[in-house]
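We name chains A, B, ... by the order of the sequence lines, and we start the count at 1 in each one. Values below: every heavy atom of this structure, side chains too, minus hydrogens, waters and symmetry copies.
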Amino acid sequence: MEIKSENTEEKKSLNFIENIIDEDIKTGKNSGIVYTRFPPEPNGYLHIGHAKSICLNFGLAEKYNGKCNLRFDDTNPAKEDIEYVDSIKEDIEWLGFKWEGEPKFTSDYFDKLYDFAVTLIKKGKAYVCELSPEEMREYKGTPTSPGKDSPWRNRSIEENLSLFEKMRNGDFEEGKYLLRAKIDMSSPNMHMRDPILYRIKYANHHRTGDKWCIYPMYDFAHGQSDYFEGITHSVCTLEFEVHRPLYDWFTDQLATTEYKPRQIEFARLNLNYTIMSKRKLLELVEDKHVTGWDDPRMPTVSGLRRRGYTAESIRNFSEKVGVAKRDGIIDVALLEHSIREDLNLKADRIMGVLNPLKVIIDNYPEGKDEILEAVNNPEDESKGIREVPFCKVLYIEKEDFMENPPKKFFRLGINSEVRLRYAYFVKCTHVVKDEKGEITEVHCTYDPESKGGKSPDGRKVKGTLHWVSAKHAVKTEVRLYDRLFTVENPGGDKEKDFKEFLNKDSLKVNESAMLEPYVKNVKPGQQFQFERLGYFCVDKDSKTDNLIFNRTVTLRDSWTKNNN
RNA sequence: UGUCCUGUGGUGUAAUUGGCAACACAUCUGAUUUUGGUUCAGAAGAGUCUAAGUUCGAGCCUUAGCGGGACAACCA
């Protein structure tokens, strides 16, 4: 009793899907197997909402010793493209997940699905309909009023069989005929009102080419694909909830054993100050509001990656947001917390000045250089130290100097003393201004005894500033990103287009930041903390002679936050 | 004038199945600090949408309301 807590790892509460799986395992459903799948349509890039789904599906498989397939839901050749297939694979791998075997494609099952359709026709459960789109709408009814039977609903099985075959053979023009399931036109669930199984589409498919001119609809493909692959838990988002009876209807027709996949719906991820709709993201790309799918302001996986988000931070974030069935909006602050938490431990620190202000140390010998030592990462001693050059003329951040500072300003002001990190204590004596009254030089004296930043006589200073030696500084481009939208829910306004809420200042390019010479041989993708400023990563377009850094996120800042 | 889903601090998720509402983020103090970062200590903030009922006891069960969302693409 007294030692019982030893291995009583406090039980982490399960989400509702895990509860369902636990129950299924307990009752031996589907032989206790857990097999999930992530089924993107290759019509756009993956975003952070997909990342949540990926973490969920692959995570479930890992947790329960199961498997997870990657399956491209490619039943609509008009919208899909191989470019998206490739980016999706790349993103999933980057996130750190491995799908079972080869990637699967719904198009792999076109033959099987066709055969299944024929079987349904033979059972009298499907028919060829020739209602026009307008008529279809009319016959379908509305959510609050029942539909009515199609006049083509009672063709003979032979006729249906022959018409369907002609549809497949390309004997009809596009849109002329449809294959529909015969279910119930008066069902309160619109999806059960004789849903469309196949439509004619003379489009070249990115995998099957011109082999088919009829393509199955989502509802006629998804559950069946799950079934063909042996999926046990088919996790999808809430909007498919109303499709579930249809999912079950088809898989019931297919099932010959005890095995049957089960669809479970959860609430998709929403983030404030951003949009998650693929259509809208595509619009931003096409209208050039951003530079591409991987623009660092985009909530896409590739955008976040370029912005400097780590896979681990995204996985942690997905864990933190949880899984449930109620719709909500997550605060981006949680995402930002996740990346700071990760980078605080991983990113080496360097000093860089975004808005340089020249500092001249009057009592420092002209022409003298010194090499100072700086700690790379105070959170990780194994990262060691590096050398930073120091000399008479330096740059500090403009914001770090005020002629008439308010009382709690710990930084540099006339007659005040601060520490230059890893260097010396300096005291400002006077400033030089240009004709416009702008400060152009800050003159200081330094205390030679305080080398390394240690107070020689126990004297304390409140502020520590980052700085860069002017002579050694590397001028670089730094891209400062801010949220893409100015309002919390840009997609939520029924009157206004979401693009009206675009933040005009979401990108500020600073081409004259000064960085310590350590950055000379950085490579794209490398990440750093610029001390006191934030986390930055080397952009993919960065070149040795033309460095480009992206700001991933600022450091938490309790000073500016409380002062404006 | 329908069907389905869903209502717990500012936000998101819990409460091991009926036992005095917990965790994270955000917020605010204070300490430490060669990053106004990190870390540490602490505070404030919900009585669980409403009403009635069952029960010794309800966030969990029942009923009725109310709020939010989804569904009428030959999209997924």
Side-chain angles (χ1 to χ4, degrees), chain A residues 11-15 19 39-41 43 73-76 78-80 106 129 131-133 136-137 140-147 174-180 187-193 196-201 214-215 217-219 221-222 236 238-245 265 267 269 272 278-279 319-331 333-338 340-341 344-345 349 351 374-375 378-379 408-411 419-423 425 450 452-455 461-466 529-534 554-563:
Chain A
K11 231 182 284 175
K12 251 206 99 207
S13 60
L14 303 177
N15 64 48
N19 279 323
E41 182 188 11
N43 68 343
D73 215 341
D74 55 353
T75 57
N76 186 4
K79 290 185 180 174
E80 296 149 7
T106 300
C129 182
L131 252 24
S132 70
M136 273 289 279
R137 211 173 308 126
K140 190 125 191 183
T142 70
T144 53
S145 62
E174 199 164 299
K176 181 80 179 152
Y177 290 85
L178 292 168
L179 184 70
R180 301 175 67 183
S187 169
N189 183 333
M190 296 288 289
H191 298 277
M192 299 300 273
R193 320 237 261 231
I196 298 168
L197 269 32
Y198 272 94
R199 76 281 211 191
I200 299 170
K201 231 179 179 83
I214 56 172
Y215 292 94
M217 299 289 287
Y218 165 85
D219 283 310
H222 203 96
C236 62
L238 250 28
E239 67 268 30
F240 292 101
E241 204 147 26
V242 278
H243 293 244
R244 193 176 349 120
E265 312 85 11
L269 172 71
N272 58 9
K278 272 203 241 182
R279 200 205 86 232
E319 188 62 40
K320 283 188 234 254
V321 300
V323 180
K325 294 194 74 163
R326 78 175 118 146
D327 256 311
I329 302 178
I330 305 281
D331 195 336
L334 187 61
L335 217 210
E336 296 179 344
H337 169 261
S338 301
R340 287 192 187 108
E341 184 183 42
N344 177 44
L345 266 22
R349 268 119 249 231
M351 291 196 285
V375 174
E379 305 293 326
K408 289 197 109 180
F409 188 78
F410 300 157
R411 310 174 186 184
R419 170 171 35 234
L420 294 178
R421 182 145 227 229
Y422 300 123
F425 281 20
S450 63
K454 286 180 268 296
S455 45
V461 286
K462 272 293 212 177
T464 300
L465 270 40
H466 61 277
Q529 181 196 103
F530 290 5
E531 295 227 23
R532 307 212 299 136
L533 295 176
T554 61
L555 249 33
R556 282 186 62 191
D557 183 354
S558 48
W559 167 246
T560 53
K561 191 168 62 187
N562 293 319
N563 287 278

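Within the nucleic acid shown, M351(A) has no heavy atom closer than 4.0 Å to any nucleic acid atom. Nucleic acid contact for L555(A): base, since at least one base atom lies under 4.0 Å from a heavy atom of the residue. Residue F240(A) is classed as a base contact, given a heavy-atom separation below 4.0 Å to a base. Looking at heavy-atom distances under 4.0 Å, E241(A) makes contact with sugar-phosphate atoms alone, never a base. Within 4.0 Å (heavy atoms only), F530(A) reaches no atom of the nucleic acid at all. Using a 4.0 Å heavy-atom criterion, one finds that L197(A) contacts no nucleic acid atom at all. Counting any heavy atom pair closer than 4.0 Å across all strands shown, L345(A) reaches no nucleic acid atom. At the heavy-atom level, G328(A) lies under 4.0 Å from the strands shown only through sugar-phosphate atoms. Counting any heavy atom pair closer than 4.0 Å across all strands shown, E41(A) reaches sugar-phosphate atoms only and no base atom. Across all strands shown, R349(A) has heavy atoms under 4.0 Å from base atoms, whether or not it also approaches the sugar-phosphate. As judged by a 4.0 angstrom heavy-atom cut-off over every strand, N189(A) is placed among residues making no nucleic acid contact.
As a whole-Å value, the separation of M192(A) CE from A70(B) P is 22 Å.
The partner of U62(B) is A52(B), by the rule that a Watson-Crick or G-U pair needs both atom distances under 3.5 Å. Nucleotide U29(B) has A41(B) as its partner under the Watson-Crick or G-U criteria, with both atom distances under 3.5 Å. When both distances must be under 3.5 Å, the Watson-Crick or G-U wobble mate of C23(B) is G12(B). Pairing for C4(B) is with G69(B), a Watson-Crick or G-U wobble pair whose two hydrogen-bonding atom distances lie under 3.5 Å.
Atom C1' of G68(B) sits at a distance of 44 Å from the matching atom of A31(B), rounded to the whole Å. If you take atom C1' in G12(B) and the same atom in G7(B), they sit 14 Å apart, rounded to whole Å.
With hydrogens and angles ignored, the 3.5 Å screen pairs a side-chain donor or acceptor of R340(A) with a backbone N or O of T554(A). Judged by distance alone, with hydrogens and angles left aside, the side-chain atoms of S450(A) form a donor-acceptor pair with the main-chain N or O of F425(A) at under 3.5 Å.
The only member of R193(A), R199(A), M136(A) that meets side-chain contact (heavy atoms from CB on, under 4.5 Å) when paired with R180(A) is M136(A).
Residue E379(A) places no side-chain atom within donor-acceptor reach of the base of U39(B), judged by atom type and a 3.5 Å distance cut-off alone. For G36(B), its base sits under 3.5 Å from the side chain of R411(A) at one donor and acceptor pair at least.
In this structure, Y218(A) and H243(A) have perpendicular ring planes: the angle between them is above 60°, well past the 30° mark.
In textbook terms, a nucleotide whose glycosidic angle is within 90° of 0 is syn, while G12(B), being further out, is anti.
Of the side-chain N and O atoms in T75(A), one or more sit less than 4.0 angstrom from OP1 or OP2 of A76(B). Under 4.0 angstrom from either OP1 or OP2 of A76(B) there lies no side-chain N or O belonging to R279(A). In this structure, K201(A) reaches the C75(B) phosphate: one of its side-chain N or O atoms is under 4.0 Å from OP1 or OP2. OP1 or OP2 of C25(B) sits under 4.0 Å from a side-chain N or O of H337(A). Between R556(A) and U39(B) there is no side-chain N or O to OP1 or OP2 distance below 4.0 Å. Applying the 4.0 Å criterion to OP1 and OP2 of U1(B), one finds that S145(A) has every side-chain N and O outside that range. When the side-chain nitrogen and oxygen atoms of R532(A) are compared with OP1 and OP2 of G36(B), one or more of them lie within a distance under 4.0 Å.
The environment of E341(A) atom CD is dense: over 12 non-hydrogen atoms of other residues, nucleotides or ligands sit within 6.0 angstrom.
Remark: ring of Y218(A) does not overlap the six-membered base ring of A76(B) in a stacked fashion, as centroids less than 5.5 Å apart with planes less than 30° apart are not both met.
Using a 4.0 Å cut-off between charged nitrogen and carboxylate oxygen, E241(A) and K325(A) count as a salt-bridge pair.
No hydrogens or angles considered: a donor-acceptor pair under 3.5 Å links the side chains of R419(A) and T464(A).
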